[in-house]
Amino acid sequence: MSNQPNHYLPSFGKILETKQENSLIKSFLVSVPDTMQNMQVLPGQFFQLSLLGYGEIPISLSEYNPEKKTYLFCIANTGAITSKIHQLSVGEEIGIRGPYGNGFPIAALKGKNIIVVAGGIGLVPLRSIIHYSLTNPGYFAHLEILFGAKSTSDFIYKEEIKQWRLKPDTTVKVTIDKAEKAWNGNVGFVTSFLQENCADHSEILFSLDPSFENTVILVVGPPVMYKNVFRALEKIEFPDKKVYLSLENHMKCGIGKCGHCNCGEKYVCLDGPIFSWLEMKSLPKEY
Amino acid sequence: MINWSKITEATRHYLKSIFQPGDVILSYTESNTPGIMTPLVIREAEAIDKIILNPLCTQNLSVYLSEFFQQDIQSGNPATGKWVVTVKPCDARSVIQMISDEQITKDNLEMVVFDCDGTVTTKSLKNLLGGEIRSVKFEDHQAKGETLANKEVTADLVGSYQAKCSDSAICSLPDMHDYSFISESNRFVFHGSEKENTLIQDTLSREDCFQRISEELSKCIRCNACRNVCPACFCSDRCVMDKPKLAIPYITKEITLDQIFQYHLIRFYHVAPNCTACGECERACPQGIPLSIFYRYLHRLNKQLFGTESGSSDSDKQKLLSYRFGEDLV
Amino acid sequence: MDTNRIYKKDMNQVFSALKKLGMAVIGQGFDEKQRLVFKEVNSFQELALQEITPLQPVKSFLFPPTETMFSYQKTEKGTRLTPEQEAGASKKKILFGLRPCDVHAIEYIQKFYNGNFPDQPISHYIENTIVVGIACATPSNACFCTTMGISPVSSSGADIFLTPTDDFFLIEFLTEKGKSIQSAFAASLKASEANDGNWKQKIEQSTINSLLEKINVEAIKGKVNQAYDKPFWKKYSDVCIACGGCTFDCPTCTCFDVRDVMESKSDGYRYRAWDSCSFASFTLHASGHNPRNTKLERLRQRIMHKYHYTVANMQTWSCTGCGRCIRVCPVGINTRSILKDIKEALHE
């Protein structure tokens, strides 16, 4: 029994590239450690990243490239550990444990129209499903990316968004909260795309699949955005079991042992972080 | 000798006479665990009759005051009436000290002190009565219990009271005018006997004392119960020992002797000015560490070195917590 | 299953034989301050099996209150990790004389830590531990094992099981692990006698008569979450002081915190420590948001977790009725009362 693997020991990857996406978020391209070479990673899963001496944090995977053997992590500078991670440079090592979590229900999404609704930093984990669509053309019937940022200086993945617009069966709609001088695009919250009266409303919801039969919505964003999205979807009576979201939570071990992410009968690190809106409703009100 | 049923009756009577709707009373009642009382929060006059006072009323109810006051402030919904707290003389000192430390205010607070000639912990009671009990009653100085095997046992409480009960520095009324004192004689009398007041620091050399202290503290499992039960520890959720230690990497939660010492030393120094040696830390400790040895010593040192006693005055500041320009260095 | 007698006067022989096998024997006894604790013993006389079970939980032998997980060194060639564990993990030990409540707790802990991603450090402790259970003849006034479906004479989960009488124990070797140390007992085993089969029943009856009550919790199994919004919680959370004693002394509470320590620019270690959902910091996010901001939510979480969430996930209560939470609570909160309040709220 003691030749069991010890799941608490991180492996190490090297930082190959870094890129400042916006003032808060920095991307890190990290080499996949040898011990993790053949691990399957589902979009929506997360890894526990260690900065030894400081601590460990859960970070969703943005992209996994098995040929190049790289992971892409996009980390927001919001706390003590993340601010130290932002100071790391190319060549330095970072501890990695994972992949953990359930990921998006890929098998159930085959052939469906996927609407990705991203609020600000929510685009980070959703990028993994967009990447899946790009590397598995035709897997989804259609991919619609709705991205809302506070302002133009909060945009992330600007180059990638340009590329996504060019892909077949893919539409991208972008909006910012308040009007800006040099901005000719949409203004308003990302939920406006889900409203029928909006000029640039969601194509899939209101043209391509108005019965919602073949459509699934994936939402990630700050808690206040979830409230607004649910309200908008309730108005058009979109079925709750076809909406998936990613729940952020305080985590320590990432493997369902320490109890910190336990909410109701679920552990966010085991049964999540991807939950359907229907499942969310059964979680205790504290969440 | 206290007649506890009379004290209970008199306290209930007094509370009924002052209670107004909107008030909240903090007192004691029987719990469902034989051998321990439980605090009672009363919001309706009918519940006042549930109050029971007896030698098992060990809890220091002042610990709830700062928390409830903070909730009042935080919720923006202040209690509509007054807070009334029934306390033993030793715990009254904790309330007074909290007022001096500006954790609670005198406005909207009424303190009702009830006469007491000694309290006994659940552990001491079980030892006295020879084991596990189904129920216990008190008459004069005697505890009458029924064992699990349905046998009746009686024992005298004198000599088994908590150590603080024989320390006149702890068992004494604070210097405050506006509170009520419930007692048959209407005046406070110290019931203990001072001779039980030696601490290990009085009898051992410095080296032996340090050795003894290390042995006692080595049992600590860093559960924080001593801190959480302490009315003088009012940092509550913002305690320095809890916050992520990126800035202070030498404080950890580990049970190595150096970390245990660090935790307890920090607590000793932080509460030295305002600890009233109520002994709750020792009673709450799941490992049975005799913590009151340290806190009673600090309480005594406070008087010896600075001439002040915590819990005496609600307006004077403790020397260790205040500084006035030009005052003599201690 | 063979049952033998082993006389108490012969137990020291057994203890010496166990020592020769390289095993440490741990059981309940009094320390130098007359506190009842679990401790390593060298002779049978040091045990105090006639007392109630110690307040200290037995989980500290499978998972110490704090434990280093690994140490690290940052070198030019990369980071070097050295997994670490207390010396006690490899020590072969016998937990001698655990009541069915505590044996059941070890079974639960094993099941919990082995699920999903097995906890290798704890498995290491468990594989070096042999559990000798004992039928419980001396409950405390807080005990409620029968409420939780555990009989005070149940041998389930034990490697070896003892039934105590005045002069001897009845002994059963139940598992391979138990049989692996049978040689230490062999010389002292005596044949059991005709009516020896009655002892267990006698003890069970006497202990059940001593318990203050038995609550029918089967009636609320699977439904406890329906009491989530009921008003009775405030009664308890008003007086709870969040000391954490109930969680630290509970033999089935498994939560822990993970922290890093930097000893120098290049060296340091990671450790884990028992944590409590009663503490405000347990669910505190880095952003400052705390989903369980009030004592009521935290107290309710503890009860919901023990009596509902683990039932939903693992089909078992994570409570063995050992009563430690009731014994340690400085303000007299009684878990049995909470269960009764839940029943009343659900009209069961």
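Letters A, B, ... mirror the listed sequences (proteins, then strands); counts begin at 1. Predicted model only: the values in this text are computed from it and were never measured.
Only the side chain of C:H305 comes within contact range of chain A, with heavy atoms under 4.5 Å apart. There is no contact between C:E263 and chain A, counting heavy-atom distances below 4.5 Å. Only the side chain of C:D229 comes within contact range of chain A, judged by heavy atoms closer than 4.5 Å. Residue contact with chain C, scored on non-hydrogen atoms closer than 4.5 Å, involves the backbone and the side chain of A:I255 alike. Both the backbone and the side chain of A:Y8 come within contact range of chain C, with heavy atoms under 4.5 Å apart. Within the 4.5 angstrom heavy-atom criterion, atoms from both the backbone and the side chain of C:F112 approach chain A. Residue contact with chain C, scored on non-hydrogen atoms closer than 4.5 Å, is absent for A:P223. Within the 4.5 angstrom heavy-atom criterion, atoms from both the backbone and the side chain of C:F282 approach chain A. Only the side chain of C:D275 has a heavy atom closer than 4.5 Å to any heavy atom of chain A.
For the set C:T79, C:T254, C:N116, C:N293, the count of heavy-atom pairs under 4.5 angstrom toward chain A peaks at C:T79. In terms of heavy-atom pairs under 4.5 Å with chain A, the best-connected choice from C:G115, C:P83, C:C255 is C:C255. With respect to chain A, the highest number of heavy-atom pairs below 4.5 Å among C:C277, C:G268, C:G78 belongs to C:G78. Highest contact tally toward chain C, considering only A:G256, A:P10, A:G79, is held by A:P10 [criterion: heavy-atom pairs under 4.5 Å].
Under the ring-ring contact (aromatic ring centres under 6.0 Å, His included) criterion, C:Y72 pairs with no residue, sequence neighbours left out.
Residue pairs that meet the salt bridge (charged side-chain N to carboxylate O under 4.0 Å, His left out) test with at least one member in residues 36-60 of chain A, sequence neighbours left out, are A:E56-A:R97, A:E56-C:R270. Listed by first and then second residue, the salt bridge (charged side-chain N to carboxylate O under 4.0 Å, His left out) pairs involving residues 57-73 of chain A are A:E63-A:R127 (not counting sequence neighbours).
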Could you go step by step and tell me if A:F28 and A:F73 meet the ring pair (Phe, Tyr, Trp, His ring centres under 6.0 Å) rule?
CA-CA 5 Å; A:F28 293 83; A:F73 296 113; 8.7 Å; no

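Taking non-hydrogen atoms and a 4.5 Å limit, the residue list of residues 34-52 of chain A in contact with chain C, ordered by number, reads A:S50, A:L51, A:L52.
A donor atom on one side chain and an acceptor atom on the other are not found under 3.5 Å apart for A:N65 and A:T70.
Formation of a donor-acceptor pair under 3.5 Å by the A:E279 side chain with backbone atoms of A:S276 is found in this model.
Separating the CG atom in A:D271 from the NZ atom in A:K266 is a distance of 5.0 Å, to the nearest 0.5 Å. Here the straight-line distance linking atom CD of C:E107 with atom OG1 of C:T320 works out to 11.0 Å at 0.5 Å rounding.
The aromatic rings of A:F147 and A:F155 are tilted relative to each other, their planes meeting at an angle between 30° and 60°.
Judged by the 6.0 Å distance and 45° axis criteria, C:R300 is not positioned over the aromatic ring of C:Y236. Judged by the 6.0 Å distance and 45° axis criteria, C:K59 is positioned over the aromatic ring of C:W274.
A centroid separation of less than 6.0 Å is found between the aromatic rings of A:F230 and A:W277.
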